[in-house]
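The structure under discussion appears below in the form of structure tokens.
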Amino acid sequence: MVTTTVQKDEAYMQRAIALAKYGKFTTSPNPVVGCVLVKDDKVIGEGWHQKAGEGHAEVNALANASTHTKGATAYVTLEPCSHFGRTPPCAQGLINAGITRVVIAMQDPNPLVSGNGVAMLEKADIATTLGVLENAARALNPGFIKRMTQGLPLVRCKLASSIDGRTAMANGESKWITGPDARSDVQGFRAQSCAIISGADTVLADNAKLNVRYDELGYAQKSLTAEQVRQPIRIIIDTKNRLTPDLALFQTDSPIILVRVDLETEQQWPHFVEQMIVKVKNAQADLHDLLLKLAERGLNTLWLESGARLSGAFLSANLVDELVLYQAPKIMGDSARGLFDLPQLSHLSDAISLEFNDVRMVGNDLRIIAKIVNPIK
């Protein structure tokens, strides 16, 4: 059987994409990237971006090469960078290594790089091929792409409910609706996120820590040690200044941002706590202004884990990109609390439409990942 150049390119790019996924817990705020070096139809080097501020995928692949790289082809999931940041330009590194062809899955959406990496390679007479398995490569970094193209982070809204869409009993009891496998799955999503967003209501009701618990990470433990787990920034919307330093949230030494509309000056907060002032809209914190500020700080993906009021506010403001819904095989009844507090919709045509991207069992619970395709008008 004859293997075409296109088939070879796709096969090696699939490997580069698989390598990129190794960095999904550690590269924030940078994108995940994988690289494969091939010479004489043999893989001579592999690498992926492991941590922001350290070597990029191309640098690591070159360092791991088993033989001379002159004349090799590089397969990279994202356009090699062309500028000096915390590390030198990867495009120049490939040029210096004698690479003669570079196959790239997608152009970098970062304006500092977009198109410039390819131009630098071509100026050095290196052949480039762009767009191999582009859709698969784009799926690696949806938050980074959205921040670079729209100036906003990607927001995933986590929900846990009974099969009849209830999140707590009328008296507020909610532990535990879903099983341990679902809760472990949530820890994996937390660990991949740049930040976790919640509200004061949730923190006070559950005395929640909202951190990543390594012993509950499940599948993620296979690729991470406890020391490698990056705690996301915990962002709590507390416009009425109800939180106090004695809560469990503040006993874990990792960054916390308290979102305010006015500065709170009475409490003595730990050194890792910051207050962020946002605009006011309809007598509430302006959530769009908050997301703009978070994007400016380089946050790509936000994990929204809150009650019906805050989840409903994000959804009503058209700021939710994906829902991650865990449904337990339970029926809790009409008096139990619902998923969202939303404005009343008069017509079925006004309903929010979703596109199911992934549906699977997680232990005894059903997990649905759905994209918002028709937000509230």
Side-chain angles (χ1 to χ4, degrees), residues 2-23 27 29-141 144-145 148-149:
V2 177
T3 304
T4 67
T5 299
V6 171
Q7 290 172 324
K8 289 181 180 179
D9 285 350
E10 290 184 350
Y12 291 128
M13 189 61 75
Q14 284 176 343
R15 176 57 184 165
I17 288 170
L19 290 168
K21 293 178 180 178
Y22 286 124
T27 63
N30 290 356
V32 298
V33 183
C35 178
V36 174
L37 303 178
V38 178
K39 186 175 182 179
D40 299 327
D41 290 332
K42 293 182 179 179
V43 174
I44 63 168
E46 295 184 337
W48 65 92
H49 184 37
Q50 298 178 21
K51 188 177 181 180
E54 297 182 359
H56 289 186
E58 299 93 324
V59 171
N60 292 332
L62 291 169
N64 294 331
S66 59
T67 187
H68 295 298
T69 56
K70 186 175 181 180
T73 296
Y75 292 84
V76 192
T77 58
L78 188 68
E79 178 182 7
C81 62
S82 56
H83 66 291
F84 282 90
R86 285 188 281 182
T87 57
C90 292
Q92 188 61 54
L94 295 173
I95 294 168
N96 295 344
I99 301 297
T100 55
R101 180 175 178 238
V102 180
V103 182
I104 304 163
M106 65 169 287
Q107 192 171 36
D108 195 324
N110 185 345
L112 291 173
V113 178
S114 189
N116 296 329
V118 170
M120 181 181 289
L121 294 170
E122 292 181 343
K123 186 177 180 180
D125 294 326
I126 294 176
T128 61
T129 301
L130 184 64
V132 176
L133 300 186
E134 180 175 354
N135 289 339
R138 294 182 71 85
L140 292 170
N141 295 294
F144 177 76
I145 293 171
M148 288 298 167
T149 58

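The side-chain heavy atoms of Val32 and Phe144, taken from C-beta on, include no pair separated by under 4.5 Å. Proximity of Leu121 to Ile95: side-chain heavy atoms (C-beta onward) are separated by under 4.5 Å at one or more points. The shortest side-chain heavy-atom distance between Leu140 and Pro31 does not fall under the 4.5 Å cut-off. In this structure the side chain of Asp108 never reaches within 4.5 angstrom of the side chain of Cys81, judged on heavy atoms. Using a 4.5 Å cut-off on side-chain heavy atoms (C-beta onward), Arg15 and Leu19 make contact. For the pair Val118/Ile104, a side-chain contact is recorded, criterion being any heavy-atom separation below 4.5 Å from C-beta on.
The aromatic rings of His56 and His49 sit perpendicular, their planes meeting at an angle over 60°, well past the 30° parallel limit.
Judged purely by atom type and a 3.5 angstrom limit, Glu46 has no side-chain atom pairing as donor or acceptor with the backbone of Val36. Glu10 places no side-chain N or O within 3.5 Å of a backbone atom of Val132 that could act as its donor or acceptor partner. Proximity of a side-chain donor or acceptor of Thr4 to a complementary backbone N or O of Gln7 within less than 3.5 Å is detected. Between the side chain of Glu122 and the backbone N or O of Ala119, no donor-acceptor pair lies under 3.5 Å. Asn116 places no side-chain N or O within 3.5 Å of a backbone atom of Ser82 that could act as its donor or acceptor partner. Checking side-chain atoms of Lys39 against main-chain N and O of His68 turns up a donor-acceptor pair under 3.5 Å. No donor-acceptor pair closer than 3.5 Å links the side chain of Thr77 to the backbone N or O of Ala16.
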Assess the residue pair Thr27 and Gln50 against the criterion (side-chain contact (heavy atoms from CB on, under 4.5 Å)); give the C-alpha distance rounded to whole Å, side-chain angles, the decisive distance to 0.1 Å, and a yes or no.
CA-CA 6 Å; Thr27 63; Gln50 298 178 21; 5.9 Å; no
Steps toward side-chain contact (heavy atoms from CB on, under 4.5 Å) verdict (Thr69, Leu62):
CA-CA 8 Å; Thr69 56; Leu62 291 169; 4.0 Å; yes
Report the C-alpha distance between Val33 and Trp48 in whole Å, list the side-chain angles of each, state the deciding distance to 0.1 Å, and finish with yes or no for side-chain contact (heavy atoms from CB on, under 4.5 Å).
CA-CA 6 Å; Val33 183; Trp48 65 92; over 6 Å; no
Yes or no on side-chain contact (heavy atoms from CB on, under 4.5 Å) for Ile99 and Leu37, after CA distance, side-chain angles and deciding distance?
CA-CA 9 Å; Ile99 301 297; Leu37 303 178; 4.3 Å; yes
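In summary, the side chains of Thr128 and Arg101 do not present any donor paired with an acceptor at a separation below 3.5 Å, with no hydrogens or angles considered.
Ala91 and Pro80 get closest at one heavy-atom pair: N-CB, 3.9 Å.
Atom SG of Cys35 sits about 10.0 Å away from atom CG of Asn64, to the nearest 0.5 Å. Going from atom CG of Asp41 over to atom OH of Tyr12 covers 5.0 Å, rounded to the nearest 0.5 Å. Put simply, CE on Met13 and NZ on Lys8 are 15.5 Å apart, with the number rounded to the nearest 0.5 Å. With rounding to the nearest 0.5 Å, the separation of CZ in Arg138 from CD in Gln107 is 10.0 Å.
Tested against Met106 for a side chain to side chain contact (heavy atoms under 4.5 Å, CB included), the candidates Asn141, Ile145, Leu133 yield a single pass: Ile145.
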